[in-house]
Number of protein chains: 2
Amino acid sequence: MSKTRTKPYHHGDLKAALVDGAVELIVARGVRHFSLAELSRRLGVTVAAPYRHFANRDELLAAVAVRALQAFGEALAAQSTETDPPGERLAAMAGGYVRFAAEQADLFGVLFGLGLDKKKRHPELREAYEDVEGTMAACVAELCPGDPDGAEQLTDAVEATAHGYAALLTDQPGPLDPADVDRAVEQAASATRALIDGRAAFRRSR
Amino acid sequence: MSKTRTKPYHHGDLKAALVDGAVELIVARGVRHFSLAELSRRLGVTVAAPYRHFANRDELLAAVAVRALQAFGEALAAQSTETDPPGERLAAMAGGYVRFAAEQADLFGVLFGLGLDKKKRHPELREAYEDVEGTMAACVAELCPGDPDGAEQLTDAVEATAHGYAALLTDQPGPLDPADVDRAVEQAASATRALIDGRAAFRRSR
DNA sequence: TTTACTTTGTAAGAGGCGCTAACATCGCAA
DNA sequence: TTGCGATGTTAGCGCCTCTTACAAAGTAAA
């Protein structure tokens with residue numbers, strides 16, 4: 001949105017082009033086969049050029065992850081219709097979590113399982129992810145009034161469950177069977193409802 | 001168990017040595033930094049030698065995964081004391097799932113997130129994993145007599161939840177905080193109890 | 001025992017990768 | 001105009017996976 005303020009140097013905002021190109025390449029071929037060298041070739045630039053803008057490969061991937069996280073957050077927020085009761089909204093978000101992971105499997109793969117050091121090296125990623133968690137937590141808060149501790153545990157549980165369906169679904173290479181995706185989305189929503197209904201179990205173990 | 005039937009050739013059962021060495025290297029340094037070349041050097045063999053026994057790097061990793069899966073299965077089975085009620089056994093298994101992932105993070109990393117093509121390329125892995133699922137399913141069957149469909153959904157949900165806690169916990173590089181691990185183990189068990197208590201929600205959506 | 005065959009390892013190298021240091025170029029600003 | 005900092009290139013190091021051609025070691029039949 002807000003780039004190309006002034007026509008930059010040789011290439012013309014190579015930094016942005018690198019991130020854009022990386023997203024394209026990753027979506028096209030998967031994170032696992034992404035290489036800085038191929039990206040450079042595509043942009044008509046030598047393999048050393050990216051290092052003027054990113055300290056290393058992981059830093060570029062972190063920039064891609066920020067993009068992915070943004071799309072992820074939007075996908076989740078889109079599931080949350082204000083009119084629905086909070087439980088259904090939460091279930092829909094869990095489903096949306098899984099659906100995003102399935103439909104944008106490669107971007108999802110940048111967010112997780114890549115071993116990016118979110119805590120120390122890329123705190124902006126951690127923050128962005130906490131925003132996503134916040135969207136869920138807001139929903140849960142309506143369900144557990146006056147029990148912030150239980151709310152947190154329920155939030156974690158819903159997140160873990162959605163993430164588990166998502167991770168197991170996308171662990172396999174190759175294209176996904178749409179029926180599998182739909183089933184996983186449904187199950188994640190159902191499991192969320194079950195967690196809500198059975199949430200008293202969290203109180204028992206404290 | 002059943003190797004070294006006859007004294008083999010030059011090295012003396014290099015194939016087994018490769019798998020053993022790979023496990024050691026992976027446990028010591030993480031899957032992400034494992035290389036066939038370093039393993040070969042360690043075994044005093046040229047880098048080409050492993051290709052006499054494994055078509056490629058992934059095939060060796062699949063062999064390592066079989067080992068990991070065996071350890072994983074044993075860790076899960078150890079959680080299942082016959083005397084406990086099935087619900088508590090299931091909760092303990094979920095906790096064991098997470099604890100194994102945390103304590104053997106690198107072996108767990110070989111099982112998931114490596115993109116090994118379990119379905120097509122390494123069906124023996126898929127089978128072994130289905131055994132693990134079977135252990136859980138047996139437990140769930142006691143909880144849901146006469147409802148095989150609901151039992152399957154509950155099994156999937158418990159598996160996904162445990163896997164989600166495990167994956168989120170081990171996504172970060174570096175050593176884990178034992179307190180985080182204990183909390184995740186506890187929460188996985190609690191979430192399992194919640195799923196059991198709220199399992200009627202699975203029936204609602206069919 | 002000799003010969004032929006199979007299995008296992010080596011030597012050499014192609015092609016890829018991430019990353020670095022030294023050098024060249026370009027735009028801006030003093 | 002000159003000088004400087006930002007950006008890109010050239011060249012190269014060291015690592016990787018994997019392949020091909022060759023050598024050695026065991027096995028088994030003649």
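Every value quoted in this text rests on a predicted model; they were computed, and no experiment measured them.
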May I ask you to decide if the ring planes of B:Phe72 and B:Tyr129 are parallel, tilted or perpendicular, using 30° and 60° as cut-offs?
parallel

B:Asp84 side chain to B:Arg89 main-chain N or O, any donor-acceptor pair under 3.5 Å?
no

Send over the distance from A:Arg57 CZ to C:dG16 P, rounded to a whole Å.
16 Å

Judged by nearest nucleotide, the residue sitting upstream toward the 5' end of DNA chain C, B:Ala49 or A:Val47, is B:Ala49

Nucleotide C:dC19, atom P - distance to CG of A:Leu60 in whole Å:
10 Å

To the nearest Å, give me how far apart CZ (A:Arg41) and C1' (D:dT9) are.
16 Å

Can you check whether B:His33 has a side-chain N or O nearer than 4.0 Å to OP1 or OP2 of D:dC16?
no

Just how far, in rounded Å, is P of D:dC16 from CG of B:Leu39?
11 Å

Could you check whether B:Val45 gets within reach of a base, just the sugar-phosphate, or nothing at all, counting any heavy atom under 4.0 Å?
sugar-phosphate

Whole-Å gap separating C1' (D:dC16) and CG (B:Leu61):
14 Å

Got a salt bridge between B:Asp106 and B:Arg32, using NZ or NE/NH1/NH2 to carboxylate O under 4.0 Å?
no

Does the B:Lys15 side chain pair with the main chain of B:Pro50, one donor and one acceptor, at a distance under 3.5 Å?
no

Could you check which of D:dG8, C:dC19, C:dG9 has an atom nearest any side-chain atom of A:Tyr51?
C:dC19

In whole angstroms, the gap separating C1' of C:dT20 from CD of A:Glu59 amounts to 16 Å

Atom pair distance, as rounded to whole Å: CZ in B:Arg52 and C1' in D:dT17:
16 Å

Reckon A:Ala37 touches a base, only the sugar-phosphate, or nothing at all at heavy-atom distances under 4.0 Å?
sugar-phosphate

Ring centres of B:His163 and B:Phe112 under 6.0 Å apart?
yes

At 4.0 Å (heavy atoms only), tell me whether A:Ser35 reaches a base, stays on the sugar-phosphate, or touches nothing.
sugar-phosphate

When rounded to whole Å, the CZ to C1' distance for the pair A:Arg32 and C:dC17 reads 16 Å

